[in-house]
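Below: the structure, in structure tokens.
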There are 2 protein chains.
Amino acid sequence: MMGNLADSMEYYLKKLLALSASGFLEIKRKELAGKFNCVPSQVNYVMATRFTLDKGYLVESRRGGKGYLRIRKVNTDGWELPGGILEELQQGLANNGKAVGIIERLREGKYISVRESRLMEAALQCISGLKNEQLKDDLRVLLMRRMIEALFY
Amino acid sequence: MMGNLADSMEYYLKKLLALSASGFLEIKRKELAGKFNCVPSQVNYVMATRFTLDKGYLVESRRGGKGYLRIRKVNTDGWELPGGILEELQQGLANNGKAVGIIERLREGKYISVRESRLMEAALQCISGLKNEQLKDDLRVLLMRRMIEALFY
DNA sequence: AACTATTTGACCATCTTTGACCTTTATTAT
DNA sequence: ATAATAAAGGTCAAAGATGGTCAAATAGTT
């Protein structure tokens, strides 16, 4: 049915996730690899290509004894994913308020922590004093894009 | 209940602490170890990783007969930045590398997370392309100062 | 053929657990 | 009192248990 390993692993995990009452799925990398008869790093490949933030999944992990991979579908009702936000950035940010709005949405959606949001707002504020309007606007967009990329890609 | 020993010990202690009227929790290392069926030094590991000052806990102890471990939750606002960083900022930052060095020290010292360090480095990188050297230098110092203030004040 | 996606494996980083050895404090024997 | 002994807790490094990275090899597409 599924041609390749990555696809069937994706299918398998999404089915389990859908069935899970807790809203997230916790697995052991090695076990999963064992079940699919592949090397553990194959699991990382599937995470990296199928369970990205863009696609609405958040993967957390922990190493060491009793380590795990935890996959959760993030709730994106009513507001954009980071991907959508990038498009917004593509079109430029008319003003500082718009950038701050994006930061707030990220924080409310738990994509970033409160500390991270404060960091981003501080960086933004630094350029708000520039005289050259063109430079200011360009830097604002660049800053937002780079910072978001730093976090999500 | 929980996955690994350290986690469940942490959970157990925090529950007891929350229940305690006195605001602190006093235990015996060996007893606790006995309850969890592990070596005593495991308790030290839990203290060192879960009940740090960073996380708002203070652990006092006493050796010898009638020895104990006393855990208390403390207010953890307003602690000092690691050596000389504020002074360094005061004197300006000659170049990008110096700023990155500060970020690295903050990260290595666990003052900021990896994500936060990436955020800060991304912001720095944005201004590194500016033509105007003076503006670039000024912005770099401003950025660093504002971002650090955002985190620590 | 060129480009893209998948699969593997060697090597790395991080977290946990354990144990041997060390230091401090209280109690007991002289 | 003092010295010896017992009773805590502390340190540190090694071993164990996971997951992560990266680049090379392979398979699939265009």
Side-chain angles (χ1 to χ4, degrees), chain A residues 1-14 24-55 57-72 150-153, chain B residues 1-14 24-55 57-72 104 107-110 112-118:
Chain A
M1 176 143 228
M2 292 290 179
N4 64 43
L5 222 185
D7 284 344
S8 46
M9 188 179 283
E10 174 191 9
Y11 176 78
Y12 171 76
L13 290 174
K14 286 188 174 169
F24 63 84
L25 178 59
E26 212 170 277
I27 53 171
K28 291 198 164 280
R29 190 176 79 144
K30 212 169 161 190
E31 268 181 24
L32 184 60
K35 203 162 304 194
F36 282 83
N37 233 34
C38 62
V39 296
S41 58
Q42 179 71 31
V43 176
N44 295 84
Y45 177 70
V46 172
M47 295 300 129
T49 57
R50 317 295 215 265
F51 292 88
T52 62
L53 259 182
D54 278 33
K55 295 176 176 151
Y57 295 90
L58 190 58
V59 180
E60 303 160 281
S61 71
R62 182 124 162 235
R63 305 185 187 195
K66 298 286 170 19
Y68 59 77
L69 280 173
R70 187 181 296 156
I71 307 172
R72 48 167 36 106
L151 291 176
F152 299 116
Y153 296 99
Chain B
M1 185 154 217
M2 315 253 319
N4 63 42
L5 220 186
D7 283 345
S8 44
M9 188 179 283
E10 173 190 10
Y11 177 78
Y12 171 77
L13 291 174
K14 286 188 174 169
F24 64 84
L25 177 60
E26 212 170 278
I27 54 172
K28 290 196 164 285
R29 190 176 79 145
K30 210 170 162 190
E31 268 181 26
L32 184 60
K35 201 162 305 193
F36 282 83
N37 231 31
C38 63
V39 296
S41 58
Q42 179 72 33
V43 176
N44 296 82
Y45 176 71
V46 172
M47 296 301 130
T49 56
R50 316 295 214 266
F51 293 88
T52 63
L53 208 51
D54 272 30
K55 294 176 177 157
Y57 295 91
L58 186 60
V59 180
E60 303 159 282
S61 71
R62 188 86 180 274
R63 306 185 186 194
K66 299 280 167 39
Y68 59 79
L69 281 174
R70 186 182 297 157
I71 308 172
R72 47 166 38 107
E104 278 169 4
R107 175 165 45 68
E108 279 160 15
K110 310 272 196 207
I112 63 177
S113 68
V114 172
R115 278 167 63 97
E116 284 159 1
S117 73
R118 286 221 302 266

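Throughout, protein chains are lettered first and strands after them, A, B, ... in sequence-line order, and every chain is numbered starting at 1.
Counting to the nearest Å, the P atom of dT11(D) and the CE atom of M47(B) are 13 Å from each other. One atom, CG of N4(A), and another, P of dT4(C), lie 18 Å apart when rounded to the nearest Å. Following rounding to the nearest Å, L32(A) (CG) and dT7(C) (P) show an atom-to-atom distance of 13 Å. For the pair Y11(A) OH and dT6(C) P, the interatomic distance rounds to 18 Å; values are reported in whole Å. Distance D7(B) CG to dT18(D) C1': 14 Å, rounded to the nearest Å. Atom CG of L5(B) and atom P of dG19(C) are 12 Å apart (whole Å). What separates CD of E60(B) from P of dT25(C) is a distance of 14 Å, to the nearest Å.
Considering OH of Y57(B) and CD1 of I71(B), their distance stands at 9.0 Å, rounded to 0.5 Å. Atom CD1 of I27(B) is separated from atom CG of L13(B) by 5.0 Å, given to the nearest 0.5 angstrom.
Nearest to the side-chain atoms of R62(B) among the listed nucleotides dT27(C), dT25(C), dG9(D) stands dT25(C). Distances from the side chain of R29(A) to the nucleotides dT21(D), dG10(D), dT18(D) place dT21(D) closest. Closest approach to the K28(B) side chain among dT18(C), dA8(D), dG10(D) is made by dA8(D) (side chain taken as heavy atoms from C-beta onward). The nucleotide whose nearest atom lies closest to any side-chain atom of A6(A) is, among dT6(C), dT17(C), dT18(D), dT6(C).
Put simply, K66(B) has a side-chain N or O that comes within less than 4.0 Å of OP1 or OP2 on dT27(C). At the phosphate of dA5(C), neither OP1 nor OP2 sits under 4.0 Å from any side-chain N or O atom of R50(A). The shortest distance between the side-chain N/O atoms of S61(A) and the OP1/OP2 oxygens of dT18(D) is not below 4.0 Å.
DNA chain C lies under 4.0 Å from at least one heavy atom of each of the following residues of residues 36-45 of chain A: C38(A), V39(A), S41(A), Q42(A), Y45(A).
When heavy atoms are screened at a 4.0 angstrom cut-off, G67(A) is found touching the sugar-phosphate backbone but no base atom.
Between D7(B) and K66(A), no side-chain nitrogen of the basic residue sits less than 4.0 Å from a carboxylate oxygen of the acidic one, so the salt-bridge criterion is not met.
At distances below 3.5 Å, not a single donor-acceptor pair connects side-chain atoms of K28(A) with backbone N or O atoms of L69(A).
Between the side chain of R63(B) and the base of dT23(C), at least one donor-acceptor pair of N or O atoms lies under 3.5 Å.
Judged by the 6.0 Å and 45° rule, R62(B) forms no cation-pi pair with Y68(B).
The salt bridge (Lys or Arg N to Asp or Glu O under 4.0 Å) search around K35(A) returns none, not counting sequence neighbours.
By the 4.5 Å heavy-atom criterion applied to side chains, L25(B) and R72(B) are not counted as neighbours.
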